[in-house]
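Beneath this line is the structure, given in structure tokens, with notes to follow.
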Amino acid sequence: MAKRGVEEVVVVALEEKGGAMAVVVEEKEQKEQKENEKEEEEAHPYAFHVSGPRNVAKPNWRDLINSSWKDTNYKRSVIACFIQAVYLLELDRQENRTVETALAPKWWMTFKYKLTQTLIDERDGSIFGAVLEWDQSAALADFVLIRPSGAPKAILVLRGTLLKGPTIRRDIEDDLRFLAWESLKGSVRFKGALEALRTVAERYGSSNVCIAGHSLGAGFALQVGKALAKDGIYVDAHLFNPPSISIAMSLRNIGEKASFAWKRLKSMLPSSSEPQADCDEEIKDNSLKSWLGNIYGDKASMGLKQWVPHLYVNNSDYICCHYTDPEGKTEENEANKENTGPTNGQVAAKLFVMSKGKQKFLEAHGLEQWWSDDLDLQLAINKSKLISRQLKSLYSLPASQVTKRPR
């Protein structure tokens with residue numbers, strides 16, 4: 001009887017041991033799975049430590065003395081990283097990544113920012129933008145007691161076209177919208193971005209807010225920033241590879257060339273026909289201005305504080321390369337000088353051009369180039385003809401907006 005009791009105890013002990021071993025094995029398998037996921041994340045080409053900037057330092061106590069954000073190269077690189085984060089937010093969503101395996105957070109957490117809002121396209125549920133704000137609690141962990149000078153309190157970042165998954169249809173739809181009309185105001189993304197930017201500008205003040213975008217996102221950023229500038233709200237803007245090709249622009253160029261040709265023809269007509277020619281010219285000019293005014297606005301010129309966005313373009317990128325076309329001093333331009341943009345030596349935008357010779361389109365249009373170590377940028381000396389046209393309405397606002405003051 002005692003022997004039987006000993007055998008039962010041994011069996012129970014073995015069962016308990018087997019159960020404990022099973023638990024250990026299960027825990028080991030879970031640990032290995034997490035390690036595999038971590039290795040997969042670390043090896044992912046879009047992981048921050050794999051494709052992110054190499055020589056861009058994290059904020060530290062030295063920024064209290066000499067802020068890195070005052071360095072234009074540092075600022076450009078970090079803002080480009082923020083835009084990359086928005087691309088990855090959408091990819092993380094499409095690939096069902098968890099909080100532990102998500103790729104996007106590292107692209108803003110490294111620089112002591114936090115995600116406070118995602119902009120979602122109601123048509124397909126895709127993420128097209130995000131609001132990032134300075135994370136003071138994370139900064140204190142690295143002895144950064146206050147926000148470095150020049151670092152925005154909040155930044156609205158907008159991604160471009162993502163040729164993957166369900167969002168491709170809506171991205172292409174907005175691409176075609178810009179191609180046809182040179183305007184994105186009809187898109188739900190424009191409305192969402194404008195509301196988000198206006199909200200953070202009112203909360204923190206326009207001087208502490210920034211907007212940035214790449215490709216299609218840069219097109220939205222330009223038009224959203226311009227819309228706020230018309231209301232006297234001027235925010236810092238950084239536009240990477242903004243689109244510069246549209247049918248509307250081509251039609252405008254044709255109209256300007258036709259008007260210039262008519263003036264040349266009129267100058268060659270006999271003197272006896274000059275009165276009639278002047279009349280015809282006035283009718284022609286008024287008709288052309290009326291047609292162009294429907295697209296670009298034809299308003300009384302007046303002085304305002306200037307909104308100066310920063311544009312980053314690559315000469316080999318056919319989507320944005322037209323921004324490098326200088327504003328020539330032709331007879332036609334001199335005649336319409338008051339309608340082409342700011343005067344008195346002011347510039348409509350700061351245009352930074354990168355030229356590495358002939359490059360493939362994907363490389364020239366890519367976002368990664370803007371935080372690369374071997375970046376060779378030049379600030380364009382000549383005024384951009386295209387950006388002057390796009391911002392022309394800012395310098396010819398209606399009389400009803402004269403009394404508005406910048407915030």
Side-chain angles (χ1 to χ4, degrees), residues 48-49 52-89 104-119 129-159 193 196-214 217-218 221 224-225 228-229 233-240 307-312 349-350 352 367 370-373 375 377 406-407:
F48 180 80
H49 75 279
R54 293 287 182 270
N55 298 316
V56 178
K58 298 188 297 182
N60 54 62
W61 62 269
R62 294 182 180 84
D63 285 301
L64 301 177
I65 303 172
N66 185 21
S67 175
S68 300
W69 279 89
K70 291 183 177 180
D71 182 344
T72 56
N73 290 325
Y74 179 91
K75 189 173 187 177
R76 183 200 64 250
S77 299
V78 174
I79 291 177
C81 288
F82 289 164
I83 300 173
Q84 177 73 350
V86 181
Y87 280 103
L88 294 177
L89 276 172
K106 275 286 186 180
W107 290 82
W108 65 71
M109 292 174 62
T110 301
F111 306 105
K112 309 306 176 187
Y113 277 77
K114 60 183 177 181
L115 177 67
T116 58
Q117 181 185 356
T118 54
L119 275 61
V131 176
L132 303 175
E133 297 183 10
W134 175 254
D135 190 351
Q136 187 59 51
S137 60
L140 286 173
D142 284 344
F143 306 102
V144 183
L145 304 181
I146 60 175
R147 178 172 52 91
S149 176
K153 286 185 178 179
I155 177 170
L156 171 63
V157 279
L158 305 168
R159 68 167 175 84
L197 185 61
R198 189 184 297 276
T199 298
V200 292
E202 291 176 351
R203 182 186 306 160
Y204 297 116
S206 59
S207 61
N208 296 312
V209 174
C210 176
I211 185 173
H214 172 250
V224 167
L228 282 191
I233 304 174
Y234 301 91
V235 299
D236 193 20
H238 295 263
L239 318 173
F240 299 85
W307 180 60
V308 183
H310 299 72
L311 280 74
Y312 306 92
K350 290 185 179 180
F352 298 90
L367 183 59
W370 300 113
W371 66 70
S372 63
D373 296 334
L375 187 62
L377 277 181
R407 299 181 186 178

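Computed from a predicted structure; not experimentally measured.
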- Query: Between S206 and N208, is any side-chain donor less than 3.5 angstrom from a side-chain acceptor?
  - Reply: no
- Query: Judged by atom type as modelled, is there a donor-acceptor pair below 3.5 Å linking the side chain of S67 to the main-chain atoms of D63?
  - Reply: no
- Do side-chain atoms of Q136 reach the backbone of V144 as a donor and acceptor pair under 3.5 angstrom? yes
- Of all residues at least two apart in sequence or in a different chain, which pass the side-chain contact (heavy atoms from CB on, under 4.5 Å) check with T72? none
- List in chain and number order the residues that pass side-chain contact (heavy atoms from CB on, under 4.5 Å) with V224, two or more places apart in sequence or in another chain; answer none if no residue qualifies. F190, A193, L194, L197, I211
- Message: For the CG atom of D135 and the OH atom of Y113, what is their distance to the nearest 0.5 Å?
- Response: 10.5 Å
- Message: Going by side-chain contact (heavy atoms from CB on, under 4.5 Å), Q84 matches just one of V157, L367, L89. Which one?
- Response: L367
- Message: Can you give me the closest heavy-atom contact between A218 and F240, atom names plus distance?
- Response: CB-O, 3.6 Å
- Query: Can you list the residues that meet the ring-ring contact (aromatic ring centres under 6.0 Å, His included) rule with W107, with sequence neighbours excluded?
  - Reply: F48, W371
- Item | Pairs touching residues 141-153 that satisfy side chain to side chain donor-acceptor pair (under 3.5 Å), sequence neighbours left out | K112-D142
Please list every donor-acceptor pair under 3.5 Å in which a side-chain atom of residues 73-83 meets a protein atom from a residue at least two apart or in another chain.
residue : atom : partner : partner atom : Å
N73     : OD1  : R76     : NH1          : 2.9
Y74     : OH   : A57     : O            : 3.2
K75     : NZ   : D236    : OD2          : 2.9
R76     : NE   : W370    : O            : 3.0
S77     : OG   : N73     : O            : 2.9

- Message: Once side-chain hydrogen bond (donor to acceptor under 3.5 Å, both in side chains) is applied, do any residues pair with Y87, and if so which ones, sequence neighbours excluded?
- Response: H214
